[in-house]
Amino acid sequence: MLNARLSRWTMTYFSCALINFILALGMMVSGHTYPALSFSSPSNLIAVHLMTIGWLSLLMLGALAQFVPVITNNPLPSQPGMLAGLILLEAGLLNMVMGFLALNGSFPLSMKILLPIGGTLVLTGFFLDIWNIAVPLVRTRPIQLPAKMLLTSLGFLILTLCIGLCFAIGFGADQSPLELYPLLSNGLPIHILAGLVGWLGFTAIGVGYKLLPMFMLAPEDRGHWGTGVWGTLATGLTLFVLTGLFNLWFPNPILHTCEKLGLILLISGLVIYIVDITRLYHSRQRKTLELNSTAAAMALTLFAPAILTGAAAIFDASSFLPATVFIFMFGYLSGLGLSQLYKIVPFLTWLDRFGIKLGQGPVPRVQDLVIEARAKPWFIIYFAGVAINTSLLFWKISSMFELVAFIQLIAVLALIREFWHARHPDQDLISKKPRLSPNTLEKISHEPQ
Amino acid sequence: MAYPNQGTGCHTYLDQGRVAMKNISEPSLNQQIINALHTVIDPELGYNIMDLGLVYEIHAGKGQVNIKMSMTTPGCPAQDYIVAGVRHILGTLSGIQKIHVQVVWEPQWHPGLMSEKAKTHFGVTS
């Protein structure tokens with residue numbers, strides 16, 4: 001079957017993810033959320049969950065639905081399962097948002113019961129997708145580095161979900177269960193780190209380790225460096241999360257020390273990753289980079305300051321944590337996501353529309369479906385906006401934040417327009433006059449000797 | 001760029017965009033196959049599979065063509081389409097009734113297998 005390698009629902013995941021991203025940015029622009037406020041304020045919780053579940057998780061899950069069968073050569077167990085997962089996730093997220101609005105006073109307080117209901121729906125949706133994605137991964141031998149990264153990320157996703165559900169039950173109940181009190185009062189950093197770095201970060205790194213060498217013609221085998229990145233990150237984060245959780249209920253200086261040690265290992269792993277990804281860019285055979293790789297480099301450049309502020313946040317969380325979370329979510333994760341969408345959307349479109357025509361006449365290249373000169377300024381504006389807003393958060397200047405967020409929103413909307421154009425190529429490409437590379441045109445017109 | 005055109009020879013060399021041609025009794029068929037495969041592109045790189053060095057071996061004769069080829073990366077999403085494209089374009093050549101395409105991962109493809117022309121196009125230095 002020709003389209004056996006195509007994920008049926010990936011584009012739907014991407015579309016839903018982008019809508020949620022716009023909503024989250026809209027909240028920042030309208031002043032309903034501000035990252036330097038407490039993370040547990042209801043409006044910030046809405047924006048954070050729109051970003052983490054609505055945008056980044058749906059983006060990652062959509063990409064994994066396409067990417068995992070490709071790297072494992074095993075199909076997903078159930079394509080309809082991916083659709084069911086998406087519906088449950090979106091319905092759960094909607095319930096959670098309404099539950100947070102109840103906490104905010106915008107809805108009657110009794111509606112906070114929607115928090116555990118939404119949390120359960122989200123949990124079910126995630127578990128359905130985890131099953132779909134994990135089955136091909138565990139069936140494949142040997143397990144390559146990207147697959148190891150992805151399996152680790154799914155493990156942290158399960159952990160994040162369990163902690164998140166405890167929060168939803170705690171906040172949703174009229175009287176929070178006493179057993180959950182230590183988690184509700186001090187467990188948020190563990191939830192944030194397990195979700196942002198464990199689930200989203202590991203997935204981004206794993207997918208990047210497959211896609212970036214492929215697009216740049218760089219060595220895919222990362223050798224000891226890749227193993228070092230995975231081992232250090234996984235050990236560090238596991239140590240931090242597990243000892244951190246135990247430390248909440250059974251406070252102990254040894255556990256506290258292990259928690260700090262986990263953070264130091266985590267930061268070291270991220271530094272090794274930055275060094276290795278720099279090596280990857282330097283060792284590429286394709287000297288002229290396409291825009292998706294250039295934009296990915298911009299996102300990775302913002303990752304370095306995120307590590308620095310993250311390290312500083314170990315000692316002074318209140319000063320450094322908002323800027324760290326912001327640059328990690330909007331700079332690295334979202335930036336990398338947008339940059340790879342700029343390649344994946346035309347690629348999937350090519351497979352959908354032109355793959356069947358290969359060998360039957362002229363077909364365009366994937367690159368013919370995009371106009372880089374038009375998209376490049378918007379990537380630059382987006383990343384500049386992230387850098388400026390991170391600085392504003394760091395220096396605690398709130399006055400310009402909404403204006404810069406508005407510029408970021410415009411850039412994202414412009415990039416979405418580019419994705420739309422890639423998805424809906426003009427008739428010249430679809431019919432008889434494709435913009436072929438000179439190389440292909442020359443060969444087609446070349447008479448057999 | 002020169003491709004080997006050696007009748008019934010059985011040389012195998014995969015470097016720099018060259019492909020092993022085996023048991024081809026008709027020189028014109030040889031060239032027709034090569035020209036036809038030049039029209040099939042890897043959509044991501046946007047370059048034809050011959051100059052990319054993705055075609056490792058062509059074995060033609062008695063109305064049958066066997067192609068041994070690879071992809072730029074294992075699990076390439078476009079693999080099925082590229083293989084179908086090869087089969088389709090070769091099917092249009094007169095005198096060919098049977099086409100067999102085998103995708104192999106050993107030896108693994110690397111940019112060094114590209115033709116000089118493709119290397120120049122991508123700026124590949126080594």
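Each chain gets a letter, A, B and so on, in the order its sequence line appears, and its residues count up from 1.
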- Item | B:E44/A:K343 ion pair, N-O < 4.0 Å | yes

- Message: Can you confirm whether B:D42 sits close enough to A:R365 that some side-chain heavy atom of one is under 4.5 Å from a side-chain heavy atom of the other?
- Response: no

- Pick one of side chain, backbone, both or neither for A:E220, based on which atoms fall under 4.5 Å of a heavy atom in chain B. side chain

- Task: Could I get the full list of ring-ring contact (aromatic ring centres under 6.0 Å, His included) partners for A:F347, not counting sequence neighbours?
- Result: none

- Note on the structure: Those residues of residues 87-97 of chain B that come under 4.5 Å of chain A on a heavy-atom basis, listed by number, are B:H88, B:I89

- Query: Hey, are the side chains of A:L351 and B:Y81 touching, using non-hydrogen atoms and a 4.5 Å cut-off?
  - Reply: yes

- Item | Crowding at CD, B:Q64 (>12 non-hydrogen neighbours, <6.0 Å) | yes

- Query: Tell me, side chain or backbone of B:L37 under 4.5 Å from chain A's heavy atoms, or both, or neither?
  - Reply: neither

- Item | Atom pair NE2/CZ of B:H121 and A:R286 - distance to nearest 0.5 Å | 7.5 Å

- Query: CH2 of A:W350 to CD1 of B:I41: how many Å apart, nearest 0.5 Å?
  - Reply: 6.0 Å

- Does CH2 belonging to A:W420 count more than 12 external heavy atoms closer than 6.0 Å? no

- Should the heavy atoms of other residues, nucleotides or ligands under 6.0 Å from NZ of B:K98 be counted, would the total exceed 12? no

- Around atom CZ of A:R374, are there more than 12 heavy atoms of other residues, nucleotides or ligands at under 6.0 Å? yes

- Calculate, to the nearest 0.5 Å, the distance between atoms CE and CD belonging to B:M114 and A:Q285 respectively. 8.0 Å

- Inter-residue atom distance A:L217.CG - B:F122.CZ, 0.5 Å rounding: 7.0 Å

- In short, B:P77 meets A:Q66 closest at the heavy-atom pair CB-NE2, 4.2 Å

- Note on the structure: Note: A:L358 and B:I82 closest approach over all heavy atoms is CD2-CA, 3.6 Å

